[in-house]
Structures are given as structure tokens and as C-alpha cells.
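Presented below is the structure to which this report refers.
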Protein chains: 2
Amino acid sequence: MTRAGRPRLSSRPMLEDAAHELFLEQGYAATTVDQIAQRAGVGRNTFFNYFGAKSDVLWADVDDALAALPPSAELRGDDDPIDAVRTALLEAADTMPAHRVPWAVSQSELLGLGAELASSGVHRLARLTEWLGSVLSSRPERPSVTERAAAHALAGAALAGAIDWVRAGRGRSALRDHLAPALEPVCTGFSAGSGCRTA
Amino acid sequence: MTRAGRPRLSSRPMLEDAAHELFLEQGYAATTVDQIAQRAGVGRNTFFNYFGAKSDVLWADVDDALAALPPSAELRGDDDPIDAVRTALLEAADTMPAHRVPWAVSQSELLGLGAELASSGVHRLARLTEWLGSVLSSRPERPSVTERAAAHALAGAALAGAIDWVRAGRGRSALRDHLAPALEPVCTGFSAGSGCRTA
DNA sequence: CAGCTTATCTGGTCTCCGTCCCGAAAGTCG
DNA sequence: CGACTTTCGGGACGGAGACCAGATAAGCTG
């Protein structure tokens with residue numbers, strides 16, 4: 001089935017490839033959106049039809065993984081929501097194979113990224129936190145401090161695990177293996193059934 | 001004692017006041033750096049002598065608090081580093097009185113902030129995480145996954161507590177009271193002496 | 001006082017991101 | 001064939017932030 005309208009003559013992967021080439025050749029900051037579009041053989045505006053910002057190219061893989069997270073409604077009402085999100089996170093991690101490391105992060109030193117990487121990456125952290133909060137909060141309109149703290153802390157721990165995964169180098173194992181130990185202490189701290197806290 | 005060189009004829013507070021006025025009048029995005037400088041009676045470049053970016057005005061208070069955190073060397077080698085950072089964080093929180101809510105966050109709806117607020121605010125979260133990591137890691141050059149995870153999770157929990165504090169409205173109590181419950185589960189999860197985990 | 005050093009202020013220029021508008025191209029559908 | 005729909009692309013604009021060269025105003029030194 002083909003939708004109406006002019007068919008696209010470019011695609012996200014095409015633009016990604018062009019951008020990655022240029023980033024490797026000249027570095028991220030020195031590469032302009034014009035150059036990316038030119039190498040891909042399209043106009044500059046077409047780039048912004050596919051990516052909202054230049055830095056979005058760096059995070060295409062992560063954005064896909066985040067978009068693939070199950071809707072919060074599916075996990076709400078679970079017995080132990082902490083355990084539910086942990087399982088969902090680990091399953092989402094399994095969809096990202098070890099050879100497909102987020103391109104940007106693995107090349108960060110080489111590309112001279114730094115502040116740039118951090119500032120664009122936190123958007124993804126914020127989205128993860130939002131998703132976690134929507135699952136963990138019994139009343140999403142007014143979540144408790146603890147629920148918010150759990151969402152932020154879990155997101156932070158997941159980030160730490162992901163960073164560790166990336167830094168593990170080529171021989172790294174699955175993302176799940178790095179994520180699980182990072183999440184575990186936070187889960188025990190916040191899990192209602194941990195039994196080691198009276199409150 | 002007066003240092004050599006031309007004396008400053010403006011100051012950070014002057015620029016902050018000018019910026020805050022304009023932000024309230026027209027919103028953050030609609031206010032240009034030119035306008036801020038003009039209202040403060042200085043040149044545009046002078047603004048950038050005091051602030052590295054336009055968004056830095058929003059976070060002046062937070063930046064001061066972060067800069068006042070004790071150097072990591074003071075806290076390293078403590079018996080329980082988790083407890084040490086918690087204490088340090090709560091003490092830093094006490095230096096921020098309840099009436100001096102970070103200006104930007106409290107006015108975020110009114111100013112039409114949103115993505116802007118988040119993207120500039122996470123720089124501060126990253127700095128807090130970095131500080132936490134430098135304290136928590138026994139070997140800062142190669143911290144373990146758990147140490148990284150603890151730093152990120154604690155930073156996230158602190159953020160959640162701070163957000164809750166801001167949202168508590170005018171009758172809010174001290175920041176410490178909102179921070180402590182947010183940090184507590186993470187601390188118990190990561191504290192070596194929690195005794196509820198065999199690993 | 002004259003001259004040197006130091007630090008701030010100012011104006012101008014530059015690149016480039018991100019946004020907007022509008023018209024052209026290229027398909028599908030009735 | 002004509003209407004509709006979607007993508008493509010050119011042009012223009014505003015604004016952030018970097019950079020530089022020069023002016024200004026203090027303290028220090030001889």
C-alpha cells in the first residue's frame with residue numbers, strides 16, 4: 001500500500017550515513033547541516049524534515065529504543081511496579097544488539113564531542129524519566145516525592161549502566177548485563193517489598 | 001584592596017535583574033541578549049563576560065550552590081561515602097533559603113519555558129553527578145559500574161527532591177525536608193552497610 | 001607626572017542553527 | 001483529466017555565540 005503524495009526520495013538512514021561520514025572526517029562541530037544535506041544529495045530543509053535538530057542524528061538508535069518502550073498503561077497496576085519497569089527496561093535493552101552501540105557515544109572522544117553530547121543526550125534521559133514516572137506513579141497527575149525520586153534514580157542508574165556498556169569496548173557483552181547491576185541497588189532501595197526498611 | 005585594571009561598571013546581579021524583568025514581560029524565548037544588555041545599560045558582549053550563555057541567567061542560584069559544594073578530596077576516604085555525600089548535599093541545601101527558589105524553575109510555566117528549561121538545567125545535573133562520582137569513586141580514573149550508578153541515581157533523586165520543593169508553592173519548608181526523603185531509598189540501596197543484600 | 005601593565009567595556013563581523021514561507025515536483029484518487 | 005496530498009528545495013530571517021581589535025580606566029613603577 002502506497003500513500004498519496006510525492007514519494008520520498010531520501011530516507012533517514014541515507015542522511016545518517018552522510019552525517020556519520022562527515023562527522024568522522026571533520027568532527028561533529030565542524031560539520032554543518034548544509035554539508036550533510038549536500039553529501040546526501042538533498043536540500044538543507046529536507047534534513048530538517050527527517051531530524052528536528054543536527055544532534056538528533058547522534059541519537060537515532062536511542063530514540064528508536066525509547067519509542068519502542070511499552071506504553072505505560074500496559075505496566076500500570078502491576079503488583080510490583082519497580083520490578084515491572086526493570087523487566088521492561090531489560091527487555092528493551094535486549095532489542096539493542098551489542099554490535100549496534102549508539103554511534104555517537106562510542107565515537108565521542110574521536111569526534112570531539114563533550115558538552116554537545118551531554119546536552120543533547122539528556123533529552124533522552126528526560127524522556128526515559130518521564131516514561132518511568134508514568135509507570136511508577138499511581139496518580140500521574142500528582143506523583144509523590146518518592147515516586148518521582150524512583151523515576152529519576154532509575155533513569156540515572158540506567159544511564160550509568162549504558163555508559164558502562166559503551167565504554168566496555170568491542171568485546172562487550174549484552175547491554176542487559178551492564179544494566180542489571182546498575183539498576184539493582186536502586187530497585188532494592190525503592191522496592192516496597194524489600195523488607196529492610198520499616199517505613 | 002582593589003585589583004588593577006578597569007573597574008567593572010556592571011555586575012552579575014544587575015544583568016540578572018534586567019533579564020528577569022524582560023523574561024517576565026515577554027517570556028524567555030522572545031527576549032534577546034541584546035535587549036538584556038540594553039536594559040542593563042551595557043554592550044551585548046559585556047553580557048557574555050558575565051554569563052557564558054543566555055540560559056545561564058536562569059540558573060545563577062543553582063550554579064552558586066553547586067560551586068559551594070565541598071571539594072571531593074575533603075569527603076574521600078570517609079567511612080561511608082554514601083552517607084558523606086548525603087550529609088554534604090543536605091548541608092548545601094541549607095544554604096539555599098526557602099524564599100530564594102531558583103528563579104527560573106518557579107516561573108517556568110509563566111515564562112513559557114519547557115524544553116529550554118530542561119536542556120539548560122541538565123547541565124547542572126551533570127555537574128552534580130560529576131561531583132558525586134568524584135566523591136564516591138575510590139579510583140576516579142576507573143570507577144566501577146556500581147559507583148557510577150550510585151552517582152547518577154543520587155543525582156536523579158536529588159533532582160526529584162528539588163523539583164518537589166519548588167512545586168510545593170509559597171508555603172514550602174526548607175529544601176532539606178524535600179531532599180532527604182528523596183535521597184533516602186537510594187542511600188539504603190547503595191549503602192554498603194545496609195545489610196539487606198548479600199552481594 | 002609619564003609610561004607600563006592589567007582588566008573591563010565596546011563595536012563590528014562572522015558562522016551557523018533552527019524556523020518560516022511559498023512554490024514546484026510527483027505521486028494517488030475520483 | 002483535474003483535485004488532493006505529500007515531499008522537496010530555494011530563499012530569507014532572527015538570533016546565539018565566537019572572535020578580534022581597539023578604546024577606556026584603573027593601579028603600579030620610575
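Sequence lines set the chain letters: A, B, ... in the order given, protein chains first and strands last, and positions in each chain run from 1. Below, all heavy atoms of this structure are taken into account, side chains as well, without hydrogens, waters or symmetry copies.
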Counting any heavy atom closer than 4.0 Å, what does B:Tyr50 reach on the DNA or RNA strands: base, sugar-phosphate only, or nothing?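 Since only primed, P, OP1 and OP2 atoms lie under 4.0 Å of B:Tyr50, the category is sugar-phosphate.
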
Assign B:Gly43 to base, sugar-phosphate, or nothing according to its heavy-atom contacts below 4.0 angstrom with the strands shown.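 B:Gly43: backbone/sugar contact only, no base atoms under 4.0 Å.
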
What is the distance, to the nearest angstrom, from the [atom1] atom on [X] to the [atom2] atom on [N]?
X	N	atom1	atom2	answer
A:Phe47	D:dG10	CZ	C1'	18 Å
B:Asp56	D:dA16	CG	P	13 Å
A:Asn45	C:dC16	CG	P	17 Å
B:Arg44	D:dC19	CZ	P	14 Å
B:His123	D:dG17	NE2	P	10 Å
A:Arg8	C:dA26	CZ	C1'	14 Å
B:Leu9	C:dA7	CG	P	17 Å
B:Arg6	D:dA26	CZ	C1'	9 Å

Pair B:Arg86 + B:Asp83, salt bridge at N-O below 4.0 Å: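 Yes, charged N to carboxylate O under 4.0 Å.
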
So A:Tyr50 and A:Arg8, side-chain contact (heavy atoms from CB on, under 4.5 Å) or not? Walk me through it. CA-CA 11 Å; A:Tyr50 288 88; A:Arg8 337 187 74 142; 3.2 Å; yes

Does the pair A:Arg172 and A:Leu175 meet the rule for a side-chain contact (heavy atoms from CB on, under 4.5 Å), with working shown? CA-CA 8 Å; A:Arg172 66 174 71 82; A:Leu175 172 57; over 6 Å; no

Of B:Ala4 and A:Gly52, whose closest DNA chain C nucleotide lies nearer the 5' terminus?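 It is B:Ala4, whose closest nucleotide lies nearer the 5' terminus.
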
With hydrophobic residues grouped by side-chain heavy-atom distances under 4.5 Å, do A:Leu90 and A:Val186 end up in a single group?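 Yes, because A:Leu90 and A:Val186 connect within a single hydrophobic cluster, where side-chain heavy atoms sit under 4.5 Å apart.
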
Could you state whether A:Val33 and A:Val57 fall into the same hydrophobic cluster, counting links through intermediate Ile, Leu, Val, Met, Phe, Trp or Tyr residues with side-chain heavy atoms under 4.5 angstrom apart?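 Yes; A:Val57 is reachable from A:Val33 via cluster members.
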
Interface with DNA chain C, restricted to residues 31-40 of chain A and to heavy atoms under 4.0 Å: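 Contacts with DNA chain C under 4.0 Å: A:Thr31, A:Thr32, A:Val33.
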
Under 4.0 Å: is that the gap between some side-chain N or O of A:Ser10 and OP1 or OP2 of D:dC8?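 Checking D:dC8 against A:Ser10, a side-chain N or O does come within under 4.0 Å of OP1 or OP2.
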
Less than 4.0 angstrom between a side-chain N/O of B:Arg3 and OP1 or OP2 of C:dT8, yes or no?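 Yes, within the criterion.
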
Give a yes-or-no answer on whether the side chains of A:Ser191 and A:Asp80 include a donor-acceptor pair shorter than 3.5 Å.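 Yes, a side-chain donor-acceptor pair sits under 3.5 Å.
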
A:Met96 CE to A:Asp61 CG distance, which is reported to the nearest 0.5 Å: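 Output value for this atom pair is 5.5 Å.
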
